[in-house]
2 protein chains.
Amino acid sequence: MARSTRRRPAPAHPATEEIDLYDVLHALSDPTRMTIVRVLRTEPERACGTFPVDVAPSTLSHHFKVLRESGVISQREEANRRFSALRTVDLERRFPGLLDTVLAALARNEPGGGPAGEESGHEPGSDKARHG
Amino acid sequence: MARSTRRRPAPAHPATEEIDLYDVLHALSDPTRMTIVRVLRTEPERACGTFPVDVAPSTLSHHFKVLRESGVISQREEANRRFSALRTVDLERRFPGLLDTVLAALARNEPGGGPAGEESGHEPGSDKARHG
DNA sequence: TGCGATGTTCGACAAACGACGAACGTAGCT
DNA sequence: AGCTACGTTCGTCGTTTGTCGAACATCGCA
């Protein structure tokens, strides 16, 4: 009976108070996931398969899982689609200003960056700095 | 070359403009490294071996390398000691507000946390917010 | 009832990560 | 010179990560 309303296991989200900073930082330290977050920033929610990232569906699912379990996004089921949304309110309550600051930093990180495909923009730096 | 003035290879730092956001976020996503950053936040600089983390010297050296190569800290040689300092100015120029926001978030992440010794706040194997 | 679209789970794999001990090099003692 | 303190580098080990393909499950539609 209850089987008809929820066949798939409901996606697990951490409570707001349980969002871990290290998990969030780790989730945001991947370009593919960051692309997802950036896109989600401009829209209330979006279906999984419609993100401008070129990875296999299984890989994408993995990234969504990381984002969800870290508390960065929430996922809602509708039919056989899963819509993702940024947990902006929860994130703001838990770590005020973090998301905004990181996304502002992202804009500076890739000045001419396109929305996707820059997974390889990760070169080892050269050495030219001094002790400040 | 001037072999007498520089026996050990000088520690390589990325230039301010080359600090990569993903590298920084990854560097900050580790509790041991975050402890180093937090301590460095309260002091201008500090010798490597004097940080309140209980890992092997080689491990510590590895973490310092990650922090240095990501642009989070700088290292200065003095005798056979190496002093580390936060690159607050460079970081602020590159990613304004990022360091402050993350450290403020860190304070919220561990409300009762002392300045050190809580490396065990992130045990492998026991996942934290397993929201069922 | 079958089919296509949408996502997830599983298993595999290479690469990276964090940790350690051992060995090494330099500086400052005694 | 010998010794100690400090920190790095190297090799190794086990775990985690990101990726993929294959298989599976659900829903909507013909």
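Sequence lines set the chain letters: A, B, ... in the order given, protein chains first and strands last, and positions in each chain run from 1.
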Under-3.5 Å donor-acceptor pair between B:Ser58 side chain and C:dG21 base: yes
Donor-acceptor pair (no angle test) under 3.5 Å: A:Ser61 side chain, C:dG7 base: no
Electrostatic pair B:Arg94:B:Glu18 at N-O distance under 4.0 angstrom: no
Could you state the atom-to-atom distance from [atom1] of [X] to [atom2] of [N] in whole Å?
X: A:Arg82; N: C:dA5; atom1: CZ; atom2: P; result: 20 Å
X: A:Arg81; N: D:dA25; atom1: CZ; atom2: P; result: 22 Å
X: A:Tyr22; N: D:dT17; atom1: OH; atom2: P; result: 16 Å
X: B:Arg46; N: D:dC6; atom1: CZ; atom2: P; result: 13 Å
X: B:Glu77; N: D:dG7; atom1: CD; atom2: P; result: 11 Å
X: A:Glu69; N: D:dG18; atom1: CD; atom2: P; result: 13 Å
X: B:Asp30; N: C:dA16; atom1: CG; atom2: P; result: 18 Å
X: B:Lys65; N: D:dT8; atom1: NZ; atom2: C1'; result: 10 Å

Nearest of [options] to any side-chain atom of [X]?
X: A:Thr59; options: D:dT8, D:dT19, C:dG18; value: D:dT19
X: A:Asn80; options: C:dG18, D:dG7, C:dT6; value: C:dT6
X: B:Gln75; options: C:dG18, C:dC20, D:dT8; value: D:dT8
X: B:Ala79; options: D:dC6, C:dA19, C:dA27; value: C:dA27
X: A:Arg33; options: D:dG18, D:dG21, C:dC20; value: D:dG18

Single-linkage hydrophobic cluster A:Val66~A:Val53, side-chain heavy atoms < 4.5 angstrom: no
Sugar-phosphate only, base, or nothing, as touched by B:His63 at under 4.0 Å among non-hydrogen atoms: sugar-phosphate
Most 5' of B:Cys48 and A:His62 on DNA chain D, judged by nearest nucleotide: B:Cys48
Side-chain heavy atoms of B:Asp100 within contact of B:Arg41, under 4.5 Å: yes
Least distance between heavy atoms, A:Arg68 atom then A:Pro14 atom: O-CD, 3.3 Å
Under 3.5 Å side-chain donor-acceptor pair for B:Thr16 and B:Asp90: yes
